[in-house]
Amino acid sequence: MPAGHILIGQHKPFRGLEELASSNELSLMERPSFATAAFGGNIARQFQPGVFWRRPLSKTLLLQLSAYNAHHGLGQPVGPGVGTANRLSWIPVNSPEQLVYFGGSIGYDHFSKDAAPGVRSVNYAGRSSAGGNVVGPSQRIVEVGGDAGQFFTGLEAAVGVGALHLQSEVVLTSNEDARGPGRDDQVLSYYGQASYFLTGERKEYQASKARFGTPHAFRHGWGAVELTARYDSIENLDRRAGAGSGTCLANAAVAVVGAECATHSYTVGANYYVNPLIRVMFNLVNGFDEVADDHTQSYNLRMQIAF
């Protein structure tokens, strides 16, 4: 409609390409670190109840605005808290052979004294079933206090040339009173990833939502093959490993006093699409935790059926 599209209910706040992408259409098994540690998202805070509005400003520009309950977790009781996430997307080139995309988001979440989301961690080496756990090794990045908030800004960019798709995002969050009154924590997260279809397909741009998805038409009757890779990094800029109020919130023993409160990971993978609804995914993840001086490698295999 001319005034835009409005949704009242539960929806993803407008922040980032990989945060907004459906899990059925991610090129790699896991979202980047900022989705779980910077935003505290994952399944807990990906969907929020509120008011969400989007409107194309032109054929190449899309504006998205939202206001929501910031504390509500999917499947959990609604708690006190308010938030807003707003995004502008621009795709100046979108032809069958070439694509250029830029975007940016900005927002703020405020949590009440009795509804602080607490510590946010990143699983830097993928998932694991060892010891009955559902996640691999993790590192605590930041703690969000009660009666405080989080301000975030993000930049997005993507380039597509034929079957090759390159994508990157940078997110900076400022977490109020994380180390006491007036002592905020700044968390910087970024990633760069690549996707290449050996069978000639390309990532599809979904203009109504300003996000990318998997192809739904294949050149061969037996399916499609995609190669993927990503470098991912997240760091609390105001903490270091060791003792004191500015220490990194380590999950494991501190191995290097004074080390950056950061994790990094390298992922390579391959996806075989049987058809648009069924695919088999493989990811090899190399993760590194600066605080614990831990290098962990994981091998991940998934069969996914979308319906």
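Just so it is clear, the values below take in all heavy atoms, side chains as well, and ignore hydrogens, waters and symmetry mates.
- Put simply, the side chain of Pro92 does not reach to within 4.5 Å of the side chain of Thr60, judged on heavy atoms.
- Across every non-hydrogen atom of Ser22 and Arg211, the tightest pair is N-NH1, 4.0 Å.
- No donor-acceptor distance shorter than 3.5 angstrom exists from the side chain of Glu156 to the backbone of Glu169, with no hydrogens or angles considered.
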Steps toward side chain to side chain contact (heavy atoms under 4.5 Å, CB included) verdict (Tyr124, Asp294): CA-CA 10 Å; Tyr124 55 88; Asp294 175 64; 2.5 Å; yes
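- Across all their heavy atoms, Val225 and Thr199 have their closest contact at N-OG1, 3.2 Å.
- Here CG of Asn275 is found 9.5 Å from CD1 of Ile305. Values are rounded to the nearest 0.5 Å.
- Note: Phe212 and Tyr101 meet the aromatic proximity criterion, with ring centroids under 6.0 Å apart.
- Among all heavy-atom pairs drawn from Lys203 and Ser27, the shortest one is NZ-OG, 2.8 Å.
- Counting only distance, with no hydrogens or angles, the side chain of Arg31 and the backbone of Ala21 share a donor-acceptor pair below 3.5 Å.
- Residues meeting the side chain to side chain contact (heavy atoms under 4.5 Å, CB included) test with Leu63, sequence neighbours left out: Trp53, Leu57, Leu65, Leu88.
- Asp232 contributes a side-chain N or O that, together with a main-chain N or O of Ser33, makes up a donor-acceptor pair within less than 3.5 Å.
- Between atom OG1 of residue Thr228 and atom CZ of residue Phe282 there is a gap of 10.0 Å, rounded to the nearest 0.5 Å.
- A salt bridge is defined here as a Lys NZ or Arg NE, NH1 or NH2 lying under 4.0 Å from an Asp or Glu carboxylate O, and Glu18 with Arg230 meets this definition.
- Under the ring-ring contact (aromatic ring centres under 6.0 Å, His included) test applied with Tyr231, the options Tyr191, Phe288, Tyr266 reduce to a single match, Tyr266.
- Once rounded to the nearest 0.5 Å, the distance linking NZ of Lys209 with CG of Leu20 reads 9.5 Å.
- Here the closest non-hydrogen pair linking Ala262 and Asp289 is O-OD1, 3.7 Å.
- Using modelled atom types, one side-chain atom of Arg219 and one backbone atom of Gly200 make a donor-acceptor pair closer than 3.5 Å.
- How far NE2 of His11 is from OH of Tyr68: 12.5 Å, rounded to the nearest 0.5 Å.
- Rounded to the nearest 0.5 Å, atoms CG (Leu227) and CG (Asn271) are 8.5 Å apart.
- Hydrophobic clustering (side-chain heavy atoms under 4.5 Å, transitive across Ile, Leu, Val, Met, Phe, Trp, Tyr) groups Leu198 together with Leu284.
- Not a single donor-acceptor pair under 3.5 Å links the side chain of Arg202 to the backbone N or O of Leu99.
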Show your working on side chain to side chain contact (heavy atoms under 4.5 Å, CB included) between Met303 and Ile278 and close with a plain yes or no. CA-CA 7 Å; Met303 182 174 180; Ile278 301 175; 3.8 Å; yes
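- Looking at residues two or more places apart in sequence or on another chain, you find a salt bridge (charged side-chain N to carboxylate O under 4.0 Å, His left out) between Glu235 and Arg240.
- Distance alone, capped at 3.5 Å, places no donor-acceptor pair between the Ser195 side chain and the His165 backbone.
- Closest heavy-atom contact between Thr214 and Glu204: O-OE1, 3.4 Å.
- Ring planes of Trp222 and His220: parallel class, angle under 30° (limits at 30 and 60°).
- If you chain together hydrophobic residues whose side chains sit under 4.5 Å apart, Val285 and Leu301 never meet in one group.
- Leu17 and Ile91 fall within a single hydrophobic cluster, where Ile, Leu, Val, Met, Phe, Trp and Tyr are joined by side-chain heavy atoms under 4.5 Å apart, directly or via other members.
- Looking only at distances, a side-chain donor or acceptor of Asn283 sits under 3.5 Å from a matching main-chain atom of Met29.
- Side chains of Tyr273 and Glu226: a donor-acceptor N/O pair is present below 3.5 angstrom, by distance only.
- Under the 4.5 Å side-chain heavy-atom criterion for grouping Ile, Leu, Val, Met, Phe, Trp and Tyr, Leu166 is not connected to Leu26 through any hydrophobic cluster.
- In summary, Arg302 and Glu30 engage in a salt bridge, as defined by a charged side-chain N under 4.0 Å from a carboxylate O.
- Of the N and O atoms on the side chains of Gln150 and Asn175, at least one donor lies less than 3.5 Å from an acceptor on the other residue.
- Here CD1 of Ile141 is found 10.5 Å from CZ of Arg239. Values are rounded to the nearest 0.5 Å.
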With side chain to side chain contact (heavy atoms under 4.5 Å, CB included) as the test, would you mind laying out the steps for Phe151 and Ile106 before giving the verdict? CA-CA 8 Å; Phe151 175 79; Ile106 188 170; 3.7 Å; yes
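- By the criterion of side-chain heavy atoms lying less than 4.5 angstrom apart, applied directly or through intervening Ile, Leu, Val, Met, Phe, Trp or Tyr residues, Val93 is grouped together with Trp90 in one hydrophobic cluster.
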Apply side chain to side chain contact (heavy atoms under 4.5 Å, CB included) to the pair Asp238 and Asn236, showing each step before the final yes or no. CA-CA 6 Å; Asp238 293 298; Asn236 187 321; 3.8 Å; yes
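- Counting only distance, with no hydrogens or angles, the side chain of Thr84 and the backbone of Ser66 share a donor-acceptor pair below 3.5 Å.
- Of all the heavy atoms in Met281 and Gln304, the pair that sits closest is SD-OE1, 4.0 Å.
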